[in-house]
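Before any comments, here is the structure.
All residue numbers refer to positions in the sequence shown, counting from 1. Just so we're clear, the structure is a prediction, and the values are computed from it rather than from any experiment.
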Amino acid sequence: MTAIDELLKRNYELGNVVPGDRSSAKPSLQVAILTCMDSRIRVFEIFGLKQGEAHVLRNAGGVVTDDAIRSLALSQRKLGTREVLLVHHTNCGLEMVTEDDFKDELEADTGLRPTWAVEAFKVVEQSVRGSMARLRHSAFIPHTDKIRGFVYDVHTGELREVDAAETAAA
């Protein structure tokens, strides 16, 4: 059985027992959450979310990329969200690569060099601050007064808020 077959089997067995309001695409809490694709981050469980309460966006590192801005612009402008919660985490895979090394590896393997940024980082708090700054300075994001960033500890489950005003040296 493939992994997809297993997931389909679980879905069938689960049935229609997922709590929440499915009547609208507009999140009832008016919040969008951008986090990493890391499977240790169980977004709905961490925040006690029900269906219909929040938009949840995921990518490698949970960083603010052009595509994340595209989704958040739609979320705010067409679907009523007013807050953005960024969640990066400890022990992230992006801490273990560098921009150039990964691009070199891809180019050697495929003959093509990616045009997109890997968004590798060494200090997770700096990555959170950079993502918050990108959102606050984007002309496409109208509601920037309630953007907050956090680091999730994958071992303890603790969420630690990152102050956007702190300097990288702090």
Side-chain angles (χ1 to χ4, degrees), residues 3-4 6-8 10-95 116-119 121 123-166:
I4 293 172
E6 175 64 24
L7 295 175
L8 292 172
R10 290 179 190 179
N11 174 263
Y12 177 78
E13 291 169 354
L14 179 66
N16 188 16
V17 297
V18 180
D21 182 4
R22 300 178 197 185
S23 64
S24 174
K26 294 182 176 185
S28 63
L29 293 178
Q30 296 183 317
V31 66
I33 301 168
L34 172 59
T35 191
C36 186
M37 65 187 190
D38 191 300
S39 61
R40 296 170 292 180
I41 303 172
R42 298 174 54 187
V43 180
F44 280 77
E45 290 86 346
I46 290 170
F47 297 109
L49 286 173
K50 296 180 181 133
Q51 280 191 356
E53 291 185 323
H55 284 158
V56 178
L57 308 151
R58 298 182 84 140
N59 66 27
V63 295
V64 175
T65 61
D66 285 346
D67 192 57
I69 289 173
R70 177 187 70 89
S71 294
L72 290 169
L74 286 162
S75 178
Q76 287 196 352
R77 292 176 179 270
K78 297 298 182 187
L79 296 167
T81 61
R82 297 295 178 262
E83 299 181 49
V84 179
L85 172 60
L86 299 173
V87 182
H88 295 204
H89 66 95
T90 59
N91 195 234
C92 184
L94 283 182
E95 294 173 312
W116 37 262
V118 178
E119 302 287 347
F121 58 87
V123 180
V124 67
E125 292 83 2
Q126 288 176 350
S127 181
V128 172
R129 284 186 198 98
S131 285
M132 286 191 286
R134 282 183 190 163
L135 281 180
R136 287 195 174 107
H137 292 100
S138 173
F140 304 114
I141 306 298
H143 305 286
T144 60
D145 58 322
K146 293 180 182 168
I147 295 171
R148 294 171 65 186
F150 295 81
V151 174
Y152 175 73
D153 187 312
V154 296
H155 300 294
T156 67
E158 175 188 6
L159 276 170
R160 183 174 33 83
E161 188 158 11
V162 175
D163 185 347
E166 289 180 23

query = Is a side-chain N or O of Arg136 found less than 3.5 angstrom from the main chain of Ile147, in a donor-acceptor match?
reply = yes
key: Donor-acceptor pair, side chain of His55 and main chain of Ala25, under 3.5 angstrom   = yes
[X] versus [Y], closest heavy-atom pair with distance:
X: Phe140; Y: Ala73; result: O-CB, 3.6 Å
X: Val162; Y: Val151; result: CG2-CG2, 3.7 Å
X: Gly149; Y: Met132; result: N-SD, 3.4 Å
X: Ser131; Y: Gly62; result: OG-O, 4.4 Å
X: Cys92; Y: Cys36; result: SG-SG, 4.2 Å
X: Arg77; Y: Ala139; result: NH2-O, 3.3 Å

ask   = Name the one of Arg82, Gln30, Gln76 that satisfies side-chain hydrogen bond (donor to acceptor under 3.5 Å, both in side chains) with His143?
value = Arg82
[Y] and [X], any side-chain heavy atoms less than 4.5 Å apart:
X: Leu94; Y: Val118; result: yes
X: Val87; Y: Phe47; result: yes
X: Glu119; Y: Asn59; result: no
X: His88; Y: Val63; result: yes

Can you tell me how far the [atom1] atom of [X] sits from the [atom2] atom of [Y], to the nearest 0.5 Å?
X: Phe150; Y: Thr35; atom1: CZ; atom2: OG1; result: 12.0 Å
X: Arg160; Y: Tyr152; atom1: CZ; atom2: OH; result: 13.5 Å
X: Leu159; Y: Leu85; atom1: CG; atom2: CG; result: 7.5 Å
X: Ser138; Y: Leu72; atom1: OG; atom2: CG; result: 9.0 Å

query = Salt bridge between Arg129 and Glu125, side-chain N to carboxylate O under 4.0 Å?
reply = no
ask   = Does a sphere of radius 6.0 Å around CG in Leu7 hold more than 12 heavy atoms from other residues, nucleotides or ligands, not counting ones at 6.0 Å or beyond?
value = yes
ask   = Does atom CZ of Arg58 have more than 12 heavy-atom neighbours from other groups under 6.0 Å away?
value = yes
inquiry  = List the residues meeting side-chain hydrogen bond (donor to acceptor under 3.5 Å, both in side chains) with Asp67, not counting sequence neighbours, and say none if there are none.
reply    = Arg70
key: Pair Gln51-Arg22, side-chain hydrogen bond (donor to acceptor under 3.5 Å, both in side chains): steps then yes or no   = CA-CA 7 Å; Gln51 280 191 356; Arg22 300 178 197 185; 2.6 Å; yes
Worked verdict on Asn91 versus Arg40 for side chain to side chain contact (heavy atoms under 4.5 Å, CB included) = CA-CA 10 Å; Asn91 195 234; Arg40 296 170 292 180; 3.0 Å; yes
ask   = Given Leu34, which of Val56, Leu86, Ile69, Thr65 fulfils the side-chain contact (heavy atoms from CB on, under 4.5 Å) condition?
value = Leu86
task = Would you sort out whether Phe121 and Glu95 count as a side chain to side chain contact (heavy atoms under 4.5 Å, CB included), showing the intermediate values?
result = CA-CA 5 Å; Phe121 58 87; Glu95 294 173 312; 3.3 Å; yes
